[in-house]
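Have a look at the structure below, then the notes.
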Amino acid sequence: MPTPHNSAIKGDIAKTVLMPGDPLRAKFIAENYLESPVCYNEVRGMLGYTGKYKGVPVSVQGSGMGMPSIGIYSWELFNEYGAENIIRVGTAGAIADKVDLRDVIIGISASTNSAYASQYRLPGTYAPTASWELASAAVKAAQAKGCNYHVGNIFSSDTFYDDADSLALWQKMGVLGIEMEAAALYMNAARAGKNALAILTVSDCPLKGLSTSAQERQTSFRDMMEIALETALTVN
Ligand code: HPA
């Protein structure tokens with residue numbers, strides 16, 4: 001059945017879904033990497049496509065920005081459309097000193113300032129965690145590509161423009177980078193008994209005041225997309 005946010009019907013969407021924040025990046029991945037992509041969703045412009053990568057069915061769908069948005073789309077993919085694996089492909093700001101522009105971050109855990117976990121009424125602090133199977137496959141793919149990558153904890157924030165300027169505090173805790181979606185994705189995956197991972201390319205260094213040009217972003221995005229697609233093949 002279609003949902004209020006997605007006009008796909010069950011069967012339209014592959015077992016493994018790549019999720020960029022930007023729906024136009026979903027279109028880019030579909031058109032540049034997938035064989036015979038079919039667009040299954042245009043509701044709210046949140047484009048979704050299914051095609052084949054090296055003969056294996058893969059979907060790619062925009063998530064929008066922030067945890068409420070990826071929370072909706074990934075919940076529906078896991079619980080209404082039978083998705084088993086969701087791999088977020090997005091951008092992050094560097095937090096750790098050793099993380100440079102255009103590096104790739106594989107987020108095995110996602111700290112957060114979001115209240116998303118409160119819905120589960122847990123008697124403690126939940127630690128949103130990626131799928132080890134997806135993470136270890138992504139590490140192998142990153143090694144095979146020879147790109148600079150880091151594996152560790154990321155910070156999923158509800159704010160892009162943060163009044164308190166708290167990044168230095170997360171830096172002290174060894175957090176690699178900041179983005180806005182992974183924690184909710186990891187919680188939805190855990191609750192549904194499914195698998196998730198965020199693979200991020202570093203688009204800016206907020207603590208150093210650096211950012212990439214649009215052209216540079218395109219190339220490092222390609223590394224990340226190719227790592228995600230190769231990862232998708234391992235869980236088919
Ligand atoms: N903050 C939050 N999300 C981001 C950033 C950032 O600096 N860069 C890329 N995504």
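Note that this is a predicted model, so its numbers are computed, not measured. Start at 1 and go down the list; that is how both ligands and their atoms are numbered.
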> Which residue pairs pass the side-chain hydrogen bond (donor to acceptor under 3.5 Å, both in side chains) test when at least one of the two sits in residues 3-30, sequence neighbours left out?
Replying inline: Thr3-Glu76, His5-Glu76, Asn6-Gln61, Ser7-Asn41, Thr16-Asn85, Lys27-Glu31

> For Arg44, which residues count as a side chain to side chain contact (heavy atoms under 4.5 Å, CB included) partner, sequence neighbours excluded?
Replying inline: Tyr73

>> Just to verify, what does Ser213 make a side chain to side chain contact (heavy atoms under 4.5 Å, CB included) with, not counting sequence neighbours?
In response: Gln215, Glu216

> Around atom CG of Leu210, are there more than 12 heavy atoms of other residues, nucleotides or ligands at under 6.0 Å?
Replying inline: yes

> In terms of side-chain geometry, is the basic nitrogen of Asp223 or Arg102 positioned less than 4.0 Å from the acidic oxygen of its partner?
Replying inline: no

>> What does the 4.0 Å heavy-atom contact list look like for ligand 1?
In response: Thr91, Ala92, Gly93, Phe160, Ile178, Glu179, Met180, Ser203, Asp204, Pro206

>> Looking at every non-hydrogen atom in both residues, tell me the closest pair between Ser156 and Ala183 and how far apart they are.
In response: OG-N, 3.0 Å

